[in-house]
Amino acid sequence: MAQVELKKPTLPSGGWSDLLKKEDYWAVWLGLGVVVAAILLWLSGNTFMKWVAISVPSYSDFGKATSYVSTHIGAIFGLYLFFLLLFAGAVKVLGHKLSQFIPGFTVLFIMSLVVTVVGSWDVMKKYNLEAPLLALAVGLIIGNFVKLPKFMDTSLRTEFFVKTGIVLMGATLPFTLIMQSGPMAFLQATIIAVTTYLTIYWAGTRLFGLDNRFSATLAAGGSICGVSASIAIGGAVKAEKQHVSISISLVIVWAIVMIFALPIFIKALGIAPGPAGAWIGTSEFADAAGMAAAASINEQAIKTFTLMKVVGRDMFVGIWCFIMAFISITKWEKRHDGTKPNAGEIWTRFPKFVLGFFVASIIITVLVASVDAATSKAITAQVIGPIKELRGWAFIFTFLSIGLTTRFKDLTSVGWRPFAAFTTGVLVNVPLGYLLSVVVMGGYWAMVK
């Protein structure tokens with residue numbers, strides 16, 4: 001099962017210390033730091049970002065691939081050092097050992113390079129096994145059939161990598177697009193989240209006799225943002241630790257299934273990239289998994305997925321925590337001390353990397369709007385383009401980490417009743433997501449470029 005620390009997952013402090021002790025905040029600092037650095041380097045005439053943002057071109061002859069790598073050794077090493085230094089400081093402050101992270105990340109980077117090169121082969125593209133899905137597949141195979149050295153544990157920071165990547169994603173999406181599509185994404189997300197949540201909760205409590213708190217935790221994982229929601233809502237309702245763990249396992253099971261299933265259905269049905277990305281955003285159960293599925297289609301699908309999942313669904317975490325904490329305290333718990341949830345719960349649980357995503361988008365949008373057309377093109381080439389490539393590398397690290405930390409034997413031990421309750425939600429969520437994203441709002445999402 002993916003590594004998730006469950007010692008104190010449900011009791012975040014929400015204080016100033018979180019600014020340096022939470023991955024959410026570090027994802028914001030690192031992502032925005034890269035954006036600001038890219039702008040400053042461009043202003044000074046330095047082309048470091050463009051040099052280091054390696055992008056392996058598509059090829060049919062392996063000779064071209066090896067030639068590309070051999071002529072870009074310096075840039076590849078620079079890219080490795082860039083990410084190593086970027087993440088190492090945060091990892092150290094977060095309490096992990098650099099003596100384990102550095103060798104582990106080195107292995108992860110080499111694997112990412114190999115996957116990226118192989119995934120650029122036109123044969124892999126033909127069979128829909130480009131770098132994102134290939135990274136996941138390779139990770140799953142190695143993670144389940146090869147015993148990884150202990151030092152790898154510290155470097156497989158799935159949530160950290162994807163959150164940093166999402167902040168960088170903000171810099172590639174104009175804030176005007178977010179403002180235009182955000183309300184539509186939030187409306188669709190509301191319909192999806194409420195319907196799926198109530199379905200899983202009802203199935204868990206009424207059909208399969210699960211505890212209220214357990215059902216609420218399962219419902220959160222299946223309707224909002226996967227692992228993070230399971231942990232946050234589990235804490236809000238005081239679910240048992242093993243129930244949170246089971247919910248996380250089920251999120252991972254279905255997220256992996258959907259990574260491969262949704263692109264297959266999308267291509268079989270001939271769905272356009274815009275609506276396809278929105279469907280993935282409504283029906284995937286984790287940011288990293290959804291990004292992998294969207295990345296297997298194209299950039300437009302990545303944009304609509306991000307609008308739907310990050311702007312739409314992820315923003316529900318804080319609100320849902322507050323609502324469920326209130327219900328738990330007033331209905332499910334017999335308390336005599338008058339404890340009640342407060343509005344601060346929303347901020348405590350709110351995914352901070354979403355704010356970083358917005359800020360990155362605003363910074364770049366304001367910058368582009370303040371210059372002439374020629375300078376705008378230069379910004380696209382020297383700032384936005386390199387950030388997009390760096391974002392792609394962060395996601396490759398994410399997909400490999402998912403695979404390397406997922407154990408099939410752990411995923412089969414969750415029990416049939418929780419699985420059945422969660423699956424009931426899947427059977428409602430996926431068709432409803434298709435109906436809203438493709439049939440009802442397909443024309444709208446197709447116009448989002």
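For the numbers below, each heavy atom of this structure counts, side chains included, while hydrogens, waters and symmetry mates do not.
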For this session: Any ring pair (Phe, Tyr, Trp, His ring centres under 6.0 Å) involving residues 375-397? Give me the pairs, sequence neighbours left out, ordered by first then second residue.
Result: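 Ring pair (Phe, Tyr, Trp, His ring centres under 6.0 Å) check on residues 375-397 returns Phe83-Phe397, Phe105-Phe397, Phe109-Trp393, Phe161-Phe397.
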Exercise. side-chain contact (heavy atoms from CB on, under 4.5 Å) between Val28 and Asp24: does it pass, once the steps are laid out?
Worked result: CA-CA 7 Å; Val28 174; Asp24 247 25; over 6 Å; no
Do you know the tightest heavy-atom contact between [X] and [Y]?
| X | Y | answer |
| --- | --- | --- |
| Leu218 | Ala421 | CD1-CB, 4.4 Å |
| Ala131 | Thr116 | CB-CA, 4.1 Å |
| Lys163 | Ala27 | CB-CB, 3.6 Å |
| Ser112 | Leu400 | OG-CD1, 3.2 Å |
| Ile297 | Ala276 | CD1-CB, 3.9 Å |
| Val118 | Met124 | O-CG, 3.3 Å |

For this session: Please name all residues satisfying side-chain contact (heavy atoms from CB on, under 4.5 Å) with Lys97, sequence neighbours left out, ordered by chain then number.
Result: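 Scan of Lys97 (side-chain contact (heavy atoms from CB on, under 4.5 Å), adjacent residues dropped) gives Ser99, Gln100.
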Exercise. Between Trp42 and Met49, does a side-chain contact (heavy atoms from CB on, under 4.5 Å) hold up when you go through it step by step?
Worked result: CA-CA 8 Å; Trp42 165 70; Met49 282 295 185; over 6 Å; no
Quick one: pull up [atom1] in [X] and [atom2] in [Y] and give me the separation to the nearest 0.5 Å.
| X | Y | atom1 | atom2 | answer |
| --- | --- | --- | --- | --- |
| Trp121 | Lys64 | CH2 | NZ | 14.5 Å |
| Tyr25 | Leu355 | OH | CG | 8.5 Å |
| Leu404 | Met111 | CG | CE | 4.5 Å |

For this session: Look at the aromatic rings of Phe265 and Trp279 and report parallel, tilted or perpendicular, splitting at 30° and 60°.
Result: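 Aromatic pair Phe265/Trp279 classed tilted.
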Problem set entry | Sole candidate of Thr172, Val359, Ile384, Thr380 that passes side-chain contact (heavy atoms from CB on, under 4.5 Å) when paired with Ile364 |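 Option passing the side-chain contact (heavy atoms from CB on, under 4.5 Å) with Ile364: Ile384.
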For this session: Go through the steps to decide whether Gln188 and Trp445 satisfy the test side-chain hydrogen bond (donor to acceptor under 3.5 Å, both in side chains), and finish with yes or no.
Result: CA-CA 11 Å; Gln188 186 171 327; Trp445 291 117; 3.0 Å; yes
Problem set entry | Worked check of side-chain contact (heavy atoms from CB on, under 4.5 Å) between Lys388 and Met169 | CA-CA 7 Å; Lys388 185 180 294 184; Met169 177 76 186; over 6 Å; no
Checking [X] side chain against [Y] main chain: does a donor-acceptor pair fall under 3.5 Å?
| X | Y | result |
| --- | --- | --- |
| Thr195 | Ile192 | no |
| Ser437 | Gly433 | yes |
| Thr196 | Ala193 | no |
| Asn429 | Thr282 | yes |

Exercise. Ion pair present between Glu284 and Lys309, side-chain N to carboxylate O less than 4.0 angstrom?
Worked result: no
For this session: Taking salt bridge (charged side-chain N to carboxylate O under 4.0 Å, His left out) as the test, write out the residues that go with Lys150, two or more places apart.
Result: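 Partners of Lys150 under the salt bridge (charged side-chain N to carboxylate O under 4.0 Å, His left out) test: Asp153.
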Exercise. Just wondering, are more than 12 heavy atoms of other shown residues or ligands nearer than 6.0 Å to CZ in Phe62?
Worked result: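 Atom CZ in Phe62 is crowded, with more than 12 foreign heavy atoms closer than 6.0 Å.
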